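These notes concern the structure reproduced below.
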Amino acid sequence: MRQVHEFEIKNMLRMALEAKERAYAPYSDFKVGACLKGASGAYYMGANIENASYSPTVCAERVALFKAVYDGEKAFDAIAIVSDSKMPTVPCGVCRQVLAEFCDGEMPIICACSNGEYMMMPLSEIYPAPFKMGEENHGE
Ligand code: THU
């Protein structure tokens, strides 16, 4: 796993906490914030955006990632995730697959608890076998 300085983790967790306040989560009342650091050095924040029909809900991680990709960023250093839960907030399965589209297995996933404690693990550990299409189908 790529190393992330402790001060950088704290910085990203602070931004993820701020992002959490922008969540639209009237159905679950479970607000999540994410801070994604691009290889350019830019930070992209996201929060979960729910829907009355439930399944169109988009997680904080994907909001951050899609904002970044739209802005032209396609390589990433780390992502930090936080909610009001006492347990570390880890990415759901769909977000793991979406992260794996752009991030290598060494990408540090920083999963924080509401008290600021966190666990950090590489993407390859939480998502060891991402689905990928062959290069011939890649479209670029
Ligand atoms: N959620 C996230 O935004 N990220 C996660 O890592 C886990 C789940 C959101 C989706 C939904 O709005 C709420 O949390 C409850 O599942």
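Quick note: residue numbers are just sequence positions, from 1. Remember, it's 1-based here, ligands and their atoms both numbered in the order they're listed. All values reported here derive from a predicted model rather than from experimental measurement.
With rounding to the nearest 0.5 Å, the separation of OH in Tyr44 from CG in Leu36 is 8.0 Å. Taken from CZ in Phe102 to CZ in Phe66, the straight-line distance is 7.5 Å, to the nearest 0.5 Å.
The stretch residues 22-33 participates, sequence neighbours left out, in these side-chain hydrogen bond (donor to acceptor under 3.5 Å, both in side chains) pairs: Ser28-Glu50. A salt bridge (charged side-chain N to carboxylate O under 4.0 Å, His left out) check over residues 3-12, counting only residues at least two apart or in different chains, returns the pairs Glu6-Lys10, Glu8-Lys37.
A donor-acceptor contact shorter than 3.5 Å links the side chain of Lys132 to the backbone of Ala100.
For ligand 1, the protein residues placed under 4.0 Å by at least one non-hydrogen atom are Ser28, Phe30, Val32, Asn48, Glu50, Thr57, Cys59, Ala60, Glu61, Thr89, Val90, Pro91, Cys92.
Legend: residues meeting salt bridge (Lys or Arg N to Asp or Glu O under 4.0 Å) with Glu106, ordered by chain and number and at least two apart, are absent.
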